[in-house]
Amino acid sequence: MIRINEISLPINYDEEMLKKAAAKKIGCAKENILSVEILKKSLDARKKSDIHYVLAVAAEVKNEKWLLKKGFEEYIPPKPLNVPVRTLEKRPVVVGFGPAGIFAALTLARGGCRPIVLERGLDADSRKKKTDFFWQSGQLDEECNVQFGEGGAGAFSDGKLTTGTHSPLIDRVLRDLADCGAPKEILYQAKPHIGTDRLLVTVKNLRKKIIDLGGEVIFGAKFFDLHCKNGRVSSITYVKEGTSYEIETENLILAAGHSARDTFKMLLNKSVAMEQKAFSVGMRIEHLQKDINRAMFGENVPKELIADYKLVVHLPSGRGVYTFCMCPGGQVVASSSEAETIVTNGMSYYSRNGENANSAVLVGVTPEDFGSRDILAGAELQRRIEKAAYIAGGKNYNAPIINVGKLLERTDHFEIGKVKPTYSPGTSFAMPWEYLPEYAVEAIKEALPLFGKKISCFDDNEAILTGPETRSSSPVRITRGEGLESVSVKGFYPCGEGAGYAGGIVSAAVDGIRCGLAVLEK
């Protein structure tokens with residue numbers, strides 16, 4: 001097959017138009033193009049008067065040998081992942097069943113090691129019921145919520161699969177997701193996404209694949225204790241429905257997620273090497289999606305297009321402010337995992353057809369801001385913010401909100417205009433100083449008008465800010481060496497976002513594969 005790059009096509013192109021454009025690129029008749037496979041597809045919206053797609057394709061063409069001799073590029077498919085098959089005396093254990101844990105377990109299962117997976121939350125269907133009940137009633141289950149359960153925190157998000165990392169393993173992750181129910185277009189979209197509704201189906205199918213390969217997944221199983229002999233993992237203890245169970249193992253992959261604060265504390269008490277890590281705090285901002293579309297694409301927005309964005313500004317103070325986890329046509333969701341706290345996140349379905357757009361507006365926080373050298377000082381800062389927000393919201397799981405006009409002192413009153421907050425169970429007006437550090441609020445105030453110069457509606461007075469967002473990344477890093485093992489415990493592999501080594505679904509999944517391979521290759 002021939003790889004053909006830089007094919008420009010209108011938004012409403014069809015396959016015949018694609019074949020014709022491919023043929024023109026290589027100078028042959030359209031009838032000579034036998035088939036085309038899209039390899040990459042991105043939107044070029046630099047000129048609002050000429051918004052179009054740019055594609056790269058692999059084309060099956062008559063007389064390919066002649067074209068290759070003329071210098072055209074041959075398309076070589078990615079090589080499949082080579083997973084070594086090993087027999088381990090004791091089954092490996094994976095703690096956590098988010099992206100990192102899922103792909104670590106899948107890799108171990110492909111290697112014939114029959115992994116045991118422990119997930120403190122419940123399966124995807126039961127978890128969905130728990131979260132819906134919390135959003136409707138304000139009654140939180142601290143062990144099964146947006147943070148804990150099958151699929152991890154990313155299961156209740158937009159399911160974005162963009163990543164700043166570069167790894168040949170990314171292709172393997174995307175193909176496994178597509179094989180298990182994710183939209184096939186994630187294999188070529190420049191900004192792929194799955195959506196919460198499709199993600200919940202996908203993670204169930206990934207679980208089935210792991211079990212079919214000899215793995216085991218235990219839900220409602222909370223990792224409770226780590227046991228070592230001669231500096232190496234010897235067994236672990238978990239608790240399920242009030243009963244303790246011990247599993248002998250020599251290989252433990254910890255993929256517990258960024259909210260497993262009790263697990264971090266237990267490991268610290270076991271003298272596992274850890275360090276403080278920078279993270280971010282802020283609020284979720286909501287606009288009308290149609291306003292974002294118009295600002296990004298112009299007045300005559302093609303109905304097929306739904307705009308997203310990613311903004312960043314570096315302030316004179318040295319603080320960085322940026323948008324994170326933008327959810328087109330989505331909603332702001334209650335994401336607490338501890339009683340009497342408020343945590344927000346963003347979520348959207350595959351269709352992205354909701355009225356509002358939302359994203360986090362975050363301010364970088366460094367260990368210098370923690371006020372303590374205690375390893376868990378960052379987690380404690382998160383908790384203080386979340387508890388203060390619970391009080392500011394009325395002590396009933398209502399989230400504190402403010403309109404941009406009031407925050408920027410352009411208007412005198414709290415008000416809800418055209419942008420209606422989407423957070424459930426409910427919202428209450430409050431000044432963000434009541435729960436966020438002053439430096440964070442001041443940085444956001446300074447950044448919003450700057451963002452407004454990039455996207456004209458961004459600092460609209462009627463845009464709504466809902467707080468706080470505190471769980472964008474882990475506040476700790478569990479130190480590991482070149483072989484991905486903990487520097488203090490042999491056979492212990494800190495993995496994924498919670499351990500401080502990833503920043504999203506794809507990078508966490510890639511780290512899960514790497515840790516699985518590290519166990520197999522050792």
Side-chain angles (χ1 to χ4, degrees), residues 280-297 299 307-317 319-334 342 344-346 354-363 385 388-389 391-394 398-470:
S280 302
V281 300
M283 297 178 278
R284 280 259 153 195
I285 190 165
E286 291 189 88
H287 305 88
L288 292 180
Q289 182 65 51
K290 65 181 181 181
D291 288 349
I292 296 292
N293 291 347
R294 191 178 298 113
M296 299 284 286
F297 298 142
E299 289 296 326
D308 63 6
Y309 57 78
K310 185 176 182 180
L311 302 172
V312 62
V313 64
H314 298 284
L315 303 176
S317 64
R319 297 278 177 189
V321 184
Y322 63 100
T323 63
F324 174 77
C325 187
M326 192 269 168
C327 298
Q331 63 193 80
V332 179
V333 296
I342 295 293
T344 64
N345 193 19
E355 187 171 339
N356 286 5
N358 78 80
S359 73
V361 178
L362 297 179
V363 180
I385 292 171
I391 294 170
N398 279 7
I401 64 169
I402 188 170
N403 49 296
V404 167
K406 175 66 174 175
L407 177 67
L408 298 183
E409 300 173 343
R410 297 171 178 167
T411 59
D412 294 330
H413 305 289
F414 294 113
E415 57 187 22
I416 293 176
K418 63 184 177 182
V419 183
K420 307 297 189 292
T422 55
Y423 177 99
S424 293
T427 58
S428 301
F429 283 113
M431 297 301 293
W433 289 277
E434 296 181 40
Y435 56 93
L436 283 174
E438 184 175 357
Y439 60 77
V441 181
E442 292 300 327
I444 291 171
K445 286 182 65 178
E446 192 173 350
L448 287 175
L450 298 175
F451 288 158
K453 292 180 179 180
K454 299 179 180 182
I455 300 176
S456 58
C457 67
F458 204 88
D459 60 339
D460 189 304
N461 286 348
E462 295 183 43
I464 293 291
L465 290 157
T466 307
E469 171 114 0
T470 52

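Remember, it's a predicted structure, so these values are computed and weren't measured experimentally.
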Tell me whether Q331 contacts the main-chain N or O of T422 through its side chain, where contact means a donor paired with an acceptor under 3.5 Å. no
Tell me whether Q289 contacts the main-chain N or O of A307 through its side chain, where contact means a donor paired with an acceptor under 3.5 Å. yes
Are [X] and [Y] close enough that some pair of their side-chain heavy atoms sits under 4.5 Å apart?
X    : Y    : answer
E446 : P316 : yes
V312 : T323 : no
I455 : M296 : yes
D460 : V404 : no
T427 : N398 : no

Residues in ring-ring contact (aromatic ring centres under 6.0 Å, His included) contact with F429, at least two apart in sequence or another chain: F414
With sequence neighbours excluded, what pairs up with E469 under the salt bridge (charged side-chain N to carboxylate O under 4.0 Å, His left out) test? R284
More than 12 heavy atoms of other groups within 6.0 Å of K290 NZ: no
Minimum heavy-atom separation for N358 and G330, please, with both atom names. ND2-C, 3.6 Å
Scan for ring pair (Phe, Tyr, Trp, His ring centres under 6.0 Å) pairs involving residues 438-466, sequence neighbours excluded, and state none if there are none. H287-F458, Y309-F458, F451-F458
